[in-house]
Number of protein chains: 2
Amino acid sequence: MTLPATQTAGGATSEPGHHSGAAGQSPGDDLIELLFFAYRDFVGDPDRILAQYGFGRAHHRVLHFVDRYPGLTIAELLDILRITKQSLNRVLKDLIEQDYIVQKTGTSDRRQRLLFCTDRGTALAGDLIRVQTHRVTRALADPAAVPAEGGLDGGAISAQNFLLAMIEPEERAAVRRLMARRARSVAR
Amino acid sequence: MTLPATQTAGGATSEPGHHSGAAGQSPGDDLIELLFFAYRDFVGDPDRILAQYGFGRAHHRVLHFVDRYPGLTIAELLDILRITKQSLNRVLKDLIEQDYIVQKTGTSDRRQRLLFCTDRGTALAGDLIRVQTHRVTRALADPAAVPAEGGLDGGAISAQNFLLAMIEPEERAAVRRLMARRARSVAR
DNA sequence: GAAATATGTCAACAACACTGACATAAAACG
DNA sequence: CGTTTTATGTCAGTGTTGTTGACATATTTC
C-alpha cells in the first residue's frame with residue numbers, strides 16, 4: 001500500500017445531514033476498517049499455500065473444520081459454514097477424491113457421513129493452521145500497543161491493537177496513515 | 001447453529017505426527033475460528049441491506065471507502081482493496097450509473113479521477129456503517145467477558161472476548177459449544 | 001517528442017456462492 | 001408395516017466477484 005497525502009478537488013456533492021459522509025465518528029469506527037484489513041491479510045497466508053495445491057478458500061474452510069472437529073457430519077458443516085450443500089459438495093468432492101478427507105458411515109445413524117482427515121489432510125491442515133497461528137501469536141505479542149489519545153474505552157484499545165497487529169507489518173504504516181487521513185478531515 | 005454432542009465412528013485414519021489433527025493446541029488457536037465466525041456475521045448485516053439495492057459486497061467496500069475518504073483516486077482504491085482495475089470498474093460503474101458515486105477530474109493531475117459520494121451514496125453508506133458500528137459498539141460494551149481458565153495471555157483474552165461478542169448473540173452458545181468440543185478432545 | 005503514468009475497456013475464464021428440482025437410503029412414527 | 005421425515009447426493013442453470021491479457025486514451029514527465 002502506498003497512499004499519498006490528502007488532496008481535494010471541487011468538493012463533494014454531499015452536504016451535512018444524517019450521516020454526512022466521512023463524519024459521524026463513533027467509538028470503534030476504526031474497528032470496522034481494521035477488521036477488513038486484518039481479515040484480508042489473515043486469509044492471505046493460507047491462500048498462497050492453497051494455490052499450490054489447486055485449492056481455494058472454500059477448500060480451506062472445509063479442511064480446517066474437519067481437521068479440528070473430526071467426525072463432523074455434513075449437516076454440522078453446513079451449519080458452520082452457512083453455505084448450501086451444493087456448494088459444499090463441490091469442494092468436498094475435490095478433497096475426498098484427492099485423498100485429503102474420508103467419509104465414514106455413522107454408527108448410530110447410518111444416514112450420516114462422518115468426516116475425517118487422512119494423513120495428507122492433517123498435514124495440509126497443519127501447514128495452514130501454522131501460518132495463521134503464527135500471525136495471531138505475533139499479533140498477541142506485538143508491542144505496537146500505542147494507547148489511543150482519548151480515554152480508555154474498555155477493551156476498545158486492545159481490540160484495535162490486536163487487529164492492527166494482525167495486518168501485514170509492511171502495510172501497517174499505510175493503514176495508519178489512511179485512517180489518520182480520515183481523523184484529520186473529521187477534526188476539521 | 002445447532003450442533004449436537006460429540007460422536008465417533010471407526011476412528012480417523014490420522015496418526016500422531018507433526019500436527020496430529022485436532023491436537024497441537026496453541027494459545028490463540030481459538031482466535032482463528034473466532035475471526036471466521038465474527039467476520040461471517042460482521043459482513044452479514046450489510047449483505048442483507050445491499051441485497052435490497054441489488055448490490056453486493058464489492059459494491060459495499062467501494063462505497064464505504066469512498067464515503068470515509070472522499071477524494072480517493074482509482075489507484076488508491078485499488079491499493080486498499082487489492083483487486084484488479086477490471087474488477088473495480090465493474091462495480092464502480094454500477095455505483096456511478098445509479099448515482100451513488102461521482103468522479104471529478106483531479107486539479108493538480110488531470111489524469112486522476114477523484115471519487116466522491118453523492119447524497120444517495122452518503123445515505124446508503126451511512127445505513128451500512130450504522131449496522132456495523134452497532135455490532136462493534138455492542139461487542140465492546142458486552143459484559144460476556146468470561147476470563148479464560150488459564151493464565152493471562154496479555155491481550156489474548158480481550159481479543160477473544162471481542163471477537164466472540166461480535167458473533168450474532170443467538171449463535172454464540174453454539175460456537176462456544178463447538179469450540180468446547182475441540183477442547184475436550186484435546187484434553188483427552 | 002518520447003516515455004511513463006492514470007485510467008478505461010473488451011474478452012475470456014475461474015472460484016464460489018445461489019436456486020430449484022429430483023433421487024436414494026435410513027430412521028422415525030403411527 | 002407402511003408412510004413420512006431426515007440426511008445426503010446430484011443435475012442444471014445462474015450471478016457475483018475475482019483473475020489474466022491485450023489494447024486505447026489522455027496527461028504528465030523527462
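Keep in mind that the numbers below use all heavy atoms, side chains included, and drop hydrogens, waters and symmetry copies. Throughout, a chain's letter reflects where its sequence line sits, starting with A, and its residues are numbered from 1. All values derive from a computational prediction rather than experimental measurement.
Listed by chain and residue number, nothing satisfies the salt bridge (charged side-chain N to carboxylate O under 4.0 Å, His left out) test with Asp99(B) (two or more places apart in sequence, or in another chain). Residues passing the salt bridge (charged side-chain N to carboxylate O under 4.0 Å, His left out) test with Arg113(A): none are found, sequence neighbours excluded. Contacts of Thr137(B) classified as side chain to side chain contact (heavy atoms under 4.5 Å, CB included), with partners at least two apart in sequence or in another chain: Ser26(A), Thr133(B). With sequence neighbours left out, the side chain to side chain donor-acceptor pair (under 3.5 Å) criterion links Asp30(A) to Arg182(A).
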Show me the donor-acceptor pairs within less than 3.5 Å that the side chains of residues 50-66 of chain A make with the rest of the protein, sequence neighbours left out.
from     : atom 1 : to       : atom 2 : distance (Å)
Arg57(A) : NE     : Asp47(A) : OD1    : 3.4
Arg57(A) : NE     : Asp47(A) : OD2    : 3.1
Arg57(A) : NH2    : Asp47(A) : OD2    : 2.7
His59(A) : ND1    : Gly56(A) : N      : 2.9
His59(A) : NE2    : Asp94(A) : OD2    : 2.9
His64(A) : NE2    : Glu33(B) : OE2    : 2.9

Quiz: residues 85-93 of chain A side-chain donor-acceptor pairs under 3.5 angstrom, not counting sequence neighbours:
from     : atom 1 : to       : atom 2 : distance (Å)
Ser87(A) : OG     : Thr84(A) : OG1    : 3.2

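Taking 4.0 Å as the cutoff to heavy atoms of chain B, we find the contact window on DNA chain C bounded by dT5(C) to dC10(C).
Identified under the ring pair (Phe, Tyr, Trp, His ring centres under 6.0 Å) test for residues 119-140 of chain B, with sequence neighbours left out: none.
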Report, one pair per line, the protein and nucleotides 14-18 of chain D atoms (nitrogen or oxygen only) whose separation is under 3.5 Å.
from    : atom 1 : to       : atom 2 : distance (Å)
dT17(D) : OP1    : Arg57(B) : N      : 2.8
dT17(D) : OP1    : Ala58(B) : N      : 3.1
dT17(D) : OP2    : His59(B) : ND1    : 3.4
dG18(D) : OP1    : Arg61(B) : NH2    : 2.5
dG18(D) : N7     : Arg90(B) : NH2    : 2.4
dG18(D) : O6     : Arg90(B) : NH1    : 3.3

Between N or O atoms, less than 3.5 Å apart, protein on one side and nucleotides 27-30 of chain D on the other: list the pairs.
from    : atom 1 : to        : atom 2 : distance (Å)
dT27(D) : OP1    : Arg110(B) : NH2    : 3.3
dT27(D) : O2     : Arg111(B) : NH1    : 3.4
dT28(D) : OP1    : Arg110(B) : N      : 3.2

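Note on the helix from dG1(C)-dC30(D) to dG30(C)-dC1(D): angle between the axes of the first and last five pairs equals 30°, rounded to 10 degrees.
Non-hydrogen atoms lying under 4.0 Å from DNA chain C are contributed by nothing in residues 43-53 of chain B.
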